[in-house]
Amino acid sequence: MSRPVAVALVALLVLLAWGLMYVGWRARVRRQSDLPAPPPAPDGWAARAEREGVEATYVSTTRAIDKLDRVAAHGLGARSGARVLVAADGVLVVRTGAPDVFTAVAALSGVRREPFRVGKAVPGTGLLVWDWSLGDTLVTTAVRVRRDTEREVLHAAIAALIEPRAASGTRPEEEA
C-alpha cells in the first residue's frame, strides 16, 4: 500500500469516527428530550455573575444515579469556561459559549466535593458538585473552581442554602 493511499484511509477512518460520535451525541440528546430545560436565572444575575462570580470550568451535569451518564439535552453536555454565583435564590453557572445553568434554591438537595465526574478527574476532591431536581429527575452538576479558597467559599455558600430546609425536614419538591 502506498503512502498516499494509507494517509487517505486513515483520514477516512477519522472522519467516520467523528461522524459516528456526532450521530451518537444527537441520539443521546433525543433520548433525554423528556428532561425539562433548566429554569432561567432571575433578571440581572448573569451580569452580577460576571462581576462577582467565581471563575471555574463547568464540567458536566449528570443523572445523579450515574456519574457517567452525562446529560446532553438543553446544552447541558457542553464543557465550558464559567463563572459561578451563589445568592439567596440559588446557584447560577454562567457559561462561555453555552446556555447558563440556574439551580433554584428550592431544587437544591446536596453539595459535596468529589475527585471525578464524566469528563474530568482531578487529584483529591477538586470538583464541587451539587445535586438538584430538574423536573422529576435528580441531577448533579460539577464544576472545577480555579482556586481552592474560592471552592471552599462556594461549598459553604451552597450548603448554607440547603441547611435551613434540611433542618425543617422540607423536601425540594414540597417547596416548589
Side-chain angles (χ1 to χ4, degrees), residues 32 35-135 137-168 170-173 175-176:
Q32 296 172 345
L35 288 173
D43 289 337
W45 270 48
R48 185 174 166 202
E50 290 298 326
R51 290 187 317 270
E52 302 171 24
V54 172
E55 187 178 359
T57 300
Y58 171 86
V59 176
S60 64
T61 294
T62 62
R63 293 184 192 262
I65 58 173
D66 183 0
K67 61 176 79 175
L68 298 178
D69 185 14
R70 182 189 302 262
V71 175
H74 311 294
L76 292 172
R79 183 174 166 182
S80 59
R83 296 199 64 86
V84 182
L85 176 68
V86 179
D89 292 338
V91 182
L92 176 62
V93 181
V94 175
R95 302 191 301 159
T96 304
D100 298 341
V101 180
F102 176 67
T103 306
V105 69
L108 286 168
S109 59
V111 62
R112 65 194 170 283
R113 292 181 52 191
E114 291 184 356
F116 74 93
R117 278 273 144 188
V118 64
K120 187 73 170 173
V122 294
T125 54
L127 296 177
L128 179 63
V129 300
W130 59 92
D131 298 322
W132 57 289
S133 298
L134 182 58
T137 305
L138 188 63
V139 296
T140 301
T141 294
V143 296
R144 168 71 190 227
V145 179
R146 302 254 188 250
R147 293 170 201 81
D148 289 339
T149 55
E150 291 176 337
R151 184 181 318 111
E152 294 304 321
V153 168
L154 281 179
H155 187 176
I158 295 170
L161 292 176
I162 297 168
E163 285 174 16
R165 286 196 334 269
S168 70
T170 304
R171 295 187 356 217
E173 59 271 11
E175 290 184 359

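Just so it is clear, the values below take in all heavy atoms, side chains as well, and ignore hydrogens, waters and symmetry mates.
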Legend entry - Separation of Trp130 CH2 from Ile158 CD1 (nearest 0.5 Å): 5.0 Å

Inset, instruction - Identify the heavy atoms of Ala82 and Val93 that sit nearest to each other, and give their distance. - result: CB-CG1, 3.7 Å

Legend entry - Side chain proximity check, Ser80 to Thr57, heavy atoms < 4.5 angstrom: no

Inset, instruction - Examine the side chains of Thr140 and Arg63 and answer whether a donor and an acceptor come within less than 3.5 Å of each other. - result: no

Legend entry - Arg48 with Glu50: basic N within carboxylate O range, under 4.0 Å: no

Inset, instruction - Could you tell me the separation between the CZ atom of Arg79 and the CZ atom of Arg95, rounded to the nearest 0.5 Å? - result: 12.0 Å

Legend entry - Pairwise distance CG(Leu108) to OG1(Thr103) - rounded to 0.5 angstrom: 6.0 Å

Legend entry - Under 3.5 Å donor-acceptor, Tyr58 side chain and Leu76 backbone: yes

Inset, instruction - Would you please test Asp100 and Leu92 for side-chain contact (heavy atoms from CB on, under 4.5 Å) and show each step? - result: CA-CA 7 Å; Asp100 298 341; Leu92 176 62; 4.0 Å; yes

Legend entry - Spatial distance of atom OG (Ser109) from atom CG (Asp131) [nearest 0.5 Å]: 4.5 Å

Inset, instruction - Please report the closest heavy-atom contact between Val129 and Ala142, naming both atoms and the distance. - result: CG1-CB, 3.4 Å

Inset, instruction - For atom CG of Asp43, decide whether the heavy atoms of other residues, nucleotides or ligands shown that lie under 6.0 angstrom number more than 12. - result: no

Inset, instruction - For the pair His74 (side chain) and Pro99 (backbone), establish whether a donor and an acceptor sit closer than 3.5 Å, ignoring hydrogens and angles. - result: no

Inset, instruction - Quick one: do Leu128 and Val111 satisfy side-chain contact (heavy atoms from CB on, under 4.5 Å)? Show the steps, please. - result: CA-CA 7 Å; Leu128 179 63; Val111 62; 3.8 Å; yes

Inset, instruction - Give the C-alpha distance, both sets of side-chain angles, the deciding distance and a yes or no for side-chain contact (heavy atoms from CB on, under 4.5 Å) between Val84 and Val145. - result: CA-CA 9 Å; Val84 182; Val145 179; 5.7 Å; no

Inset, instruction - Calculate, to the nearest 0.5 Å, the distance between atoms CG and CZ belonging to Leu85 and Phe102 respectively. - result: 9.5 Å

Inset, instruction - Determine, for Glu52 against Arg83, whether the closest basic-nitrogen to carboxylate-oxygen distance falls under 4.0 angstrom. - result: no

Inset, instruction - Look up atom CZ in Arg151 and atom CZ in Arg113, then write down how far apart they are to the nearest 0.5 Å. - result: 4.5 Å

Legend entry - Closest heavy-atom pair and its distance - Val94, Ala46: CG2-CA, 4.0 Å

Legend entry - Thr62 and Val139, any side-chain heavy atoms less than 4.5 Å apart: no

Inset, instruction - Taking all non-hydrogen atoms of both residues into account, name the closest pair between Val86 and Ala157 and its distance. - result: CG1-CB, 3.7 Å

Inset, instruction - Search all heavy atoms of Ser60 against all heavy atoms of Arg70 and return the closest pair with its distance. - result: CB-NH1, 3.7 Å

Legend entry - Pair Thr141, Thr61: side-chain N/O donor-acceptor within cut-off below 3.5 Å: yes

Legend entry - Validation row: Trp45, Asp89 side chains within 4.5 angstrom (heavy atoms): yes

Legend entry - Test log, rule side-chain contact (heavy atoms from CB on, under 4.5 Å), inputs Trp132 and Val101: CA-CA 11 Å; Trp132 57 289; Val101 180; 4.0 Å; yes

Legend entry - Flag side-chain contact, heavy atom, 4.5 Å: Val143 against Val59: no

Legend entry - Closest heavy-atom pair and its distance - Arg112, His155: CA-NE2, 3.9 Å

